[in-house]
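One structure is given below, encoded as structure tokens.
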Amino acid sequence: FMSFLSPPAIATSPSDSGASAEDISLDKNILRSQIRPRRLIARSERGPAGQQQMQNLFTENILRESQNRLHSPGTVAAYLPTPSEPPITEALTRLHEAGHRIIVPVVRPRRTLAWVEWDPTVEHPRSPMGIPEPEGEEHDGQAFIEADMRLIPALAYDATGRRLGQGGGYYDRIIPLLSEEQLRERTLGIVFAEEIYETIPYDRWDSALPVILTEEGTYQPAEHTPQNPS
């Protein structure tokens, strides 16, 4: 498949290089502070037509991967994107229309996530970020683990599938609970193609995913190593 690794890494301090935890944390925050505004600028530069095309690409790729992974209606653990994130809401709407149950996270105290069913035909209250937050029965992390497919947000990935999140650590606490088969067969990291770097700063507890989906297609990091060796 194509190489997504052309953009140079912005900051590199992997933990095996002897960098301190403070250095790694600082490098992560520097990288986050560069990616977030770049996403907003890129969306602005795309304009409405370009954003529609981007949405179409993500929709097509997610639906294709779901057809490969879901052979009957099931549960998809996803998320509702902010305006600057990859536009996946149309894909989720199409999955819902096809009979799949969509669950999305809502933030709860003590840095935990609850999972609530999302229905695109229902108006939901919005968070301060402008994202719909479904109300309804809340499920714990087991709902994410038991889902038939998972779509996981990120700000960046590296060539081995290591993930840079927003900094809250929510997903780093639940991704390690997935088996290697669940990760490989039923889990997709979602990111823009330009946000896959050769390397990114990481801590040893940071999650890595074996399959990453972008607007350009599906990328499988060659060097992914099992997180949960049996």
Side-chain angles (χ1 to χ4, degrees), residues 3-43 77-88 104-113 127-131 141 144 150-178 183 187-216 219-228:
S3 170
F4 294 153
L5 306 179
S6 52
I10 297 172
T12 58
S13 293
S15 46
D16 56 7
S17 70
S20 70
E22 291 77 12
D23 287 342
I24 295 167
S25 178
L26 179 61
D27 280 351
K28 284 181 173 181
N29 285 331
I30 290 170
L31 186 50
R32 290 184 183 110
S33 72
Q34 293 171 321
I35 292 172
R36 287 175 180 138
R38 199 166 62 219
R39 280 183 165 184
L40 289 168
I41 292 167
R43 179 189 168 107
Y79 64 97
L80 299 175
T82 65
S84 65
E85 289 183 304
I88 68 167
V104 298
V106 292
V107 176
R108 290 296 173 254
R110 297 187 298 279
R111 287 184 180 267
T112 58
L113 297 176
S127 73
M129 293 279 291
I131 306 167
F144 170 87
R150 286 160 289 272
L151 305 180
I152 297 180
L155 283 169
Y157 287 94
D158 75 1
T160 67
R162 289 187 183 274
R163 174 181 175 274
L164 178 72
Q166 296 282 0
Y170 300 106
Y171 285 95
D172 285 325
R173 278 189 278 279
I174 54 177
I175 292 173
L177 303 178
L178 299 171
L183 283 169
T187 306
L188 300 168
I190 307 293
V191 77
F192 291 110
E194 67 178 9
E195 293 163 351
I196 300 179
Y197 299 99
E198 288 285 356
T199 183
I200 59 174
Y202 65 85
D203 291 291
R204 65 183 180 280
W205 57 79
D206 286 336
S207 302
L209 296 182
V211 187
I212 300 165
L213 184 142
T214 78
E215 75 275 17
E216 294 183 4
Y219 171 69
Q220 295 182 283
E223 301 174 45
H224 177 78
T225 53
Q227 295 191 111
N228 305 315

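If you read the sequence from its start, that first residue is 1, and numbering goes on from there.
- Taking each heavy atom of Ile200 and Ala156 in turn, the nearest pair found is CD1-O, 4.3 Å.
- Without hydrogens or angle criteria, Arg150 side chain to Leu183 main chain gives no donor-acceptor distance under 3.5 Å.
- Counting only heavy atoms from C-beta outward, the side chains of Arg163 and Asp206 never approach each other to under 4.5 Å.
- Ser207 contributes atom OG, which lies 9.0 Å from atom OH of Tyr157 (distance to the nearest 0.5 angstrom).
- To the nearest 0.5 Å, the span separating CD on Gln166 from OG1 on Thr82 amounts to 7.0 Å.
- At least one donor-acceptor pair closer than 3.5 Å links the side chain of Ser33 to the backbone N or O of Ile30.
- The side-chain contact (heavy atoms from CB on, under 4.5 Å) with Phe144 is formed by just one residue from the set Thr187, Leu113, Ile152; it is Ile152.
- Rounded to the nearest 0.5 Å, atoms CG (Asp27) and CG (Leu31) are 8.5 Å apart.
- A pairwise comparison of heavy atoms in Arg32 and Gly167 identifies NH2-CA, 3.4 Å as the closest pair.
- Pro221 approaches Thr160 most closely through the heavy-atom pair CB-C, 3.5 Å.
- Salt-bridge annotation for Arg39 and Glu195: present, with a side-chain N of the basic residue lying under 4.0 Å from a carboxylate O of the acidic one.
- Side-chain contact check for Thr199 and Asp158: no donor-acceptor pair (N or O, by modelled atom type) lies under 3.5 Å.
- The shortest non-hydrogen separation linking Tyr171 to Pro176 is O-CD, 4.1 Å.
- For the atom pair Gln34 CD and Asn29 CG, the distance stands at 11.0 Å (nearest 0.5 Å).
- Interatomic distance, CZ of Arg173 versus CD1 of Ile175, reported as 11.5 Å (0.5 Å rounding).
- The closest side-chain heavy-atom distance from Lys28 to Pro201 is below 4.5 Å.
- When side chains are defined from C-beta on, Ile41 does not count as touching Arg38, because their heavy atoms never get closer than 4.5 Å.
- In terms of heavy-atom proximity, Arg162 sits nearest to Asp203 at NH1-O, 4.0 Å.
- Heavy atoms only, all atoms of each residue included: Phe192 and Glu215 are closest at CA-OE1, 3.5 Å.
- The distance from atom CD1 of Ile190 to atom CG of Leu213, rounded to the nearest 0.5 Å, is 4.5 Å.
- Contact check for Val191 versus Ile212: side-chain heavy atoms found under the 4.5 Å cut-off.
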* Verify side-chain contact (heavy atoms from CB on, under 4.5 Å) between Tyr170 and Val107, making sure each step is shown before the conclusion. => CA-CA 9 Å; Tyr170 300 106; Val107 176; 3.4 Å; yes
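- Residues Leu164 and Tyr197 fail the side-chain proximity criterion, which asks for heavy atoms closer than 4.5 Å.
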